[in-house]
Number of protein chains: 2
Amino acid sequence: MLEFAILGLLHRSPMHGYELRKQLAEVLGGMRSISYGSLYPALKRMRAAGLISTDEPDPHALLPADAPPLTGRRGKVVYTITAEGKERFHELVGQTGPEAYDDGGLFGVRLAFFRHTASDVRLRILEGRRRTVEQQREGLRSSLARTRERLDHYTLELQRHGLESVDREVRWLSELIDTERREASGTSGAAALPDPPDGDRSNPA
Amino acid sequence: MLEFAILGLLHRSPMHGYELRKQLAEVLGGMRSISYGSLYPALKRMRAAGLISTDEPDPHALLPADAPPLTGRRGKVVYTITAEGKERFHELVGQTGPEAYDDGGLFGVRLAFFRHTASDVRLRILEGRRRTVEQQREGLRSSLARTRERLDHYTLELQRHGLESVDREVRWLSELIDTERREASGTSGAAALPDPPDGDRSNPA
DNA sequence: TCCTCGATGTATCGGGACGATACATTGCGT
DNA sequence: ACGCAATGTATCGTCCCGATACATCGAGGA
């Protein structure tokens, strides 16, 4: 998830880790932040994988037994996406399997970078997400119906509030889907007919 | 957080790990589950700390070099809260510091076991939570106002939906607070006057 | 009768994410 | 001139999650 987000942000322009974190927090809706304890290890992994590169060749290399007053000497590091990273990003952007929408966190990131995503892929992801959330809603509904009278006031309120939130999310997704369908039929018309006979519902891995 | 939840559930009756997980998922609102990868290590920690006990003395002890056909021989384990565990639970229940409401997960658990919590403590936690979520909302609002025209359709929708969710949570909390205040003034009247001059807003650790 | 399937049940492993923390530099107000 | 807030890089310990393996048992159909 972090990998996707970082690639998406660096796709626009190179950045410091610090700036990356701020933009990340903003793009993620502000409520879900990201800590340095996740960010820097992720950057390290991605650098090792060749997806991004740094201007500073290596912050911790080549200092045999130099001047002791050189205690920290921390240099600023600018991260840049590589050609391989861009390739990886566009590969990830094309994914439409359950992993793209089952996890709410990843789904949020996908949504934040939807302008890099083809319209038919967008539609598949939105519909997948709606299916997932609808299933959550049904589980919640039946659970609530089963245990309604055994619950005290606060537990009941918690369940009720949760159910309402999920319900609102389904409606929100439905609006997004409607808009997407309208836009798609207006522009290309091939990828998204208003109502194809059924569609397969399979996930192309 | 898990510790609190486990103590709260075992407070009612002893249980298997499996049952514990189911009840946990139900009490947490259904949408946030809990995995065995967290549950069993937590149980192990709490057992080591003397907060809970098992009927099986030790699943992995005393088998010198017995019969080889005894390959797995996994026994069922029932977990029971100890006197020390109950003590710890009631100590945790009394906590009103920021840790009780800053993290949404812990707050949810606290709410689920509110019937073990005194009315004035409930009120402090609910108000603390509302303050936290209100701050989130303000951050979100200003962020949205600052970046509104730079955002594409989907990013904008994401922010809007997030803001609405937070807004609904604030209103929900306000209703809970109102109800709690009404109830409190009807029963004891000492812990929660309808509107004290200001209250201190400090957190008693 | 046997056999599979789903529920019940215990447990570990690797990978990550988080909060706290430390350290270093820059710029701005006063 | 000084200090304080923002910028900036990085690690550590702790915890949690998804996946996985293993094991038992009841009910239902071949």
Side-chain angles (χ1 to χ4, degrees), chain A residues 1-6 14-25 28 31-49 52 54-61 63 69-79 97-99 102-106 108-109 132, chain B residues 1-6 14-25 28 31-49 52 54-61 63 69-79 97-99 102-106 108-109 132:
Chain A
M1 188 218 88
L2 251 188
E3 179 184 325
F4 192 104
I6 291 171
M15 253 179 266
H16 288 169
Y18 185 86
E19 181 71 14
L20 213 37
R21 184 185 188 252
K22 277 200 311 180
Q23 303 248 347
L24 227 33
L28 265 289
M31 65 209 66
R32 52 191 313 104
S33 187
I34 198 71
S35 80
Y36 292 125
S38 331
L39 179 59
Y40 283 112
L43 288 171
K44 200 178 241 181
R45 284 197 302 274
M46 292 168 69
R47 186 177 185 280
I52 60 177
T54 59
D55 59 347
E56 218 93 6
D58 195 326
H60 280 293
L63 58 160
L70 169 57
T71 27
R73 205 59 208 115
R74 200 94 72 162
K76 302 193 178 185
V77 184
V78 175
Y79 298 92
E99 68 278 1
D102 275 4
D103 173 39
L106 182 51
V109 178
T132 296
Chain B
M1 188 218 86
L2 251 189
E3 180 184 325
F4 193 104
I6 291 171
M15 254 179 267
H16 288 167
Y18 185 86
E19 182 71 14
L20 212 37
R21 183 183 188 254
K22 276 201 311 181
Q23 304 249 346
L24 227 34
L28 265 288
M31 66 209 65
R32 52 191 314 101
S33 187
I34 198 71
S35 79
Y36 293 124
S38 332
L39 180 59
Y40 283 111
L43 288 171
K44 202 178 241 182
R45 283 197 303 273
M46 292 168 68
R47 187 178 184 279
I52 60 178
T54 59
D55 59 346
E56 219 93 8
D58 195 325
H60 279 292
L63 56 161
L70 169 57
T71 27
R73 208 56 208 116
R74 201 93 71 160
K76 302 192 178 183
V77 184
V78 175
Y79 297 92
E99 68 277 2
D102 274 5
D103 172 40
L106 182 50
V109 178
T132 296

What is the distance, rounded to the nearest whole Å, between atom [atom1] of [X] and atom [atom2] of [N]?
X	N	atom1	atom2	result
R21(B)	dA11(C)	CZ	P	15 Å
Y36(A)	dG8(D)	OH	P	9 Å
Y79(A)	dT7(D)	OH	P	18 Å
L39(B)	dT8(C)	CG	C1'	14 Å
L106(B)	dG19(C)	CG	P	13 Å
M15(B)	dT8(C)	CE	C1'	15 Å
D55(A)	dG8(D)	CG	P	13 Å
K76(A)	dT26(C)	NZ	C1'	7 Å

Counting only side-chain N and O atoms of [X], is one of them less than 4.0 Å from OP1 or OP2 of [N]?
X	N	value
K44(B)	dT12(C)	yes
Y40(A)	dT9(D)	yes
K22(B)	dA7(C)	no

Legend entry - Residues in ring pair (Phe, Tyr, Trp, His ring centres under 6.0 Å) contact with Y79(B), at least two apart in sequence or another chain: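 Y79(B) satisfies ring pair (Phe, Tyr, Trp, His ring centres under 6.0 Å) with no residue once adjacent residues are dropped.
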Legend entry - Residues which pass ring pair (Phe, Tyr, Trp, His ring centres under 6.0 Å) with Y36(A), listed by chain and number, not counting sequence neighbours: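 By the ring pair (Phe, Tyr, Trp, His ring centres under 6.0 Å) rule, Y36(A) matches Y40(A).
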Legend entry - Residues that D103(A) engages under side-chain hydrogen bond (donor to acceptor under 3.5 Å, both in side chains), provided they are two or more places apart: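 With sequence neighbours excluded, D103(A) shows a side-chain hydrogen bond (donor to acceptor under 3.5 Å, both in side chains) to no residue whatsoever.
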Legend entry - Residue whose nearest DNA chain C nucleotide is more 5′ - E19(B) or P41(A):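 Here E19(B) is the residue nearer the 5' end.
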Legend entry - Results of side chain to side chain contact (heavy atoms under 4.5 Å, CB included) for P14(B) - residues two or more places apart only: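 So P14(B) forms a side chain to side chain contact (heavy atoms under 4.5 Å, CB included) with V78(B), T80(B).
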Legend entry - Which residues share a side chain to side chain contact (heavy atoms under 4.5 Å, CB included) with M1(B), sequence neighbours left out: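 With sequence neighbours excluded, M1(B) shows a side chain to side chain contact (heavy atoms under 4.5 Å, CB included) to L106(B), V109(B), given in chain and number order.
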Inset, instruction - When you get a sec, tell me which of dA7(C), dA10(D), dG8(D) is the closest nucleotide to the side chain of Y18(B)? - result: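 Of dA7(C), dA10(D), dG8(D), dA7(C) is nearest to the side chain of Y18(B).
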Inset, instruction - Select one nucleotide: of dA10(D), dG8(D), dT12(C), the one nearest the side-chain heavy atoms of H16(A). - result: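 Closest of the options to the side chain of H16(A): dG8(D).
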Between the protein and nucleotides 15-17 of chain C, which nitrogen or oxygen pairs are less than 3.5 angstrom apart?
none

Inset, instruction - Could you tell me the separation between the CG atom of L20(A) and the CG atom of L39(A), rounded to the nearest 0.5 Å? - result: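 Reported to 0.5 Å precision, the distance equals 5.5 Å.
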Legend entry - Side-chain heavy atoms of L2(B) within contact of I34(B), under 4.5 Å: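 Sidechains of I34(B) and L2(B): in contact.
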